[in-house]
Amino acid sequence: MKRSLLILSLLLLVMLTLTACKAPEPTDTEPTPSPSPSPTEMYVAPTPDPTVTPRQLGGTIETPAPGSTAIFVDPVDKPTRPPLTLEPYTVQTVSALGVSFEVPSYYVEVKDPNNSSATSFQEPVGNYRSGEAVPAMVSIRVTTQSGAQTLADAEKELDKALTDLKAEYDSLQVSAKESNQTFKVLDVKATYVTIRYDMPIEGSEATVKMRGRFVCLAKDRKIILIRNVCPALFNSDYDSVYTHIRGTLTEL
């Protein structure tokens with residue numbers, strides 16, 4: 001009996017050993033794949049705007065004054081025209097007015113039959129150097145007063161002349177008065193304004209924009225009025241006519 005139990009115990013031990021050593025059978029269930037990690041977004045700093053350094057105005061550039069009115073400026077690459085040729089100048093003596101001065105030699109005198117105290121010199125027909133339909137001109141009027149005249153008297157006379165000119169040209173525009181220029185030979189200061197107006201073209205409804213100076217000075221008992229005007233686009237050329245008069249006007 002004991003022997004039988006021993007054999008049975010040995011058989012059970014052998015079976016258990018074989019069961020433990022048997023490889024596990026494969027299954028049809030596949031492992032669940034692990035999800036791929038999401039990429040992490042990286043912060044990229046934006047490119048900064050370029051730094052703009054304000055342009056510094058040099059000594060040759062005029063800085064606008066506070067409150068200045070903006071004006072149109074032609075492009076710097078605009079072609080420049082050659083300057084007009086107004087020379088040579090010649091001395092004109094006006095005995096009736098008691099003065100002499102220099103004007104371009106091709107200017108011709110045009111007298112006012114209704115005013116013996118005034119005369120004018122202007123470009124002749126067919127020789128308008130600007131190419132415009134109206135001539136450049138300079139007029140002069142000399143009146144003698146009862147007593148010695150001053151710069152203040154000249155300013156009043158200029159105001160009267162501007163009123164008359166406004167009645168003739170409704171489009172007249174006048175700058176503020178200045179009194180910072182001296183007529184060299186006479187050695188007196190003058191008061192002046194710059195003027196602009198539209199001059200009608202004879203035989204046409206069109207006009208030409210004119211520009212120039214209206215000047216008045218007092219010398220002893222005399223009041224001298226000078227108006228130098230030209231087509232506005234050529235003011236820089238014809239302003240030299242005024243410069244010559246300012247440097248050469250003298251009494252006879």
So, for S95 and L252, which heavy atoms are closest and what is the spacing to 0.1 Å?
CA-CD1, 3.8 Å
Looking at K189, I'd like to know if its NZ atom is crowded, meaning that more than 12 non-hydrogen atoms belonging to other residues, nucleotides or ligands lie closer than 6.0 Å.
yes
Within the side chain of S171, is there an N or O that forms a donor-acceptor pair under 3.5 Å with the backbone of D198?
yes
So Q92 and T90, side-chain hydrogen bond (donor to acceptor under 3.5 Å, both in side chains) or not? Walk me through it.
CA-CA 6 Å; Q92 293 288 352; T90 188; 5.3 Å; no
Kindly give the heavy-atom pair with the smallest separation between S175 and V193, and that separation in Å.
O-CG1, 3.6 Å
Note, V229 side chain near M137 side chain (heavy atom, < 4.5 Å):
yes
Who clusters with Y128? Use side-chain heavy atoms, under 4.5 angstrom, across I, L, V, M, F, W and Y, and order the result by chain and number.
V125
Rounded to the nearest 0.5 Å, how far does CG of L225 lie from CZ of F214?
5.0 Å
May I ask you to check whether S240 and Y89 show a side-chain donor-acceptor distance below 3.5 Å?
yes
Nearest 0.5 Å, please: how far is OG1 in T191 from CG in L158?
5.5 Å
List in chain and number order the residues that pass side-chain contact (heavy atoms from CB on, under 4.5 Å) with E109, two or more places apart in sequence or in another chain; answer none if no residue qualifies.
K111, T119, F121
Correct closest heavy-atom pair for S116 and L97 would be O-CD2, 3.7 Å
Check whether any side-chain N or O of T248 sits under 3.5 Å from a backbone N or O of E102 as a donor-acceptor pair, and report yes or no.
yes
Do side-chain atoms of N115 reach the backbone of S117 as a donor and acceptor pair under 3.5 angstrom?
yes
Keeping D239 on the side-chain end and S236 on the backbone end, is there a donor-acceptor pair under 3.5 Å?
no
What do the steps show when you test R211 against T194 for side-chain contact (heavy atoms from CB on, under 4.5 Å), and what is the final call?
CA-CA 7 Å; R211 182 178 174 183; T194 57; 5.5 Å; no
Distance, nearest 0.5 Å, that separates CZ of R246 from CD1 of I226:
10.5 Å
Note: S100 and V91 closest approach over all heavy atoms is CB-CG1, 4.2 Å
Distance check, rounded to the nearest 0.5 Å: R141 atom CZ versus R227 atom CZ?
10.5 Å
Is R129 close enough and on-axis enough to Y106, meaning under 6.0 Å and within 45°, for cation-pi?
yes
Do L186 and I224 come close enough that some side-chain heavy atom pair is under 4.5 Å?
yes
Do NZ/NE/NH1/NH2 and the carboxylate oxygens of R81 and D237 come within less than 4.0 Å?
yes
Within the distance-only criterion (no hydrogens, no angle test), does the side chain of Q181 pair as donor or acceptor with the backbone N or O of S179 below 3.5 angstrom?
no
When rounded to the nearest 0.5 Å, the distance separating CZ of R213 from CG of N228 is 8.5 Å
Are the side chain of Y197 and the backbone of E168 linked by a donor-acceptor contact shorter than 3.5 Å?
no
Between E87 and T85, do the side chains contain an N or O donor and an N or O acceptor separated by less than 3.5 Å?
no
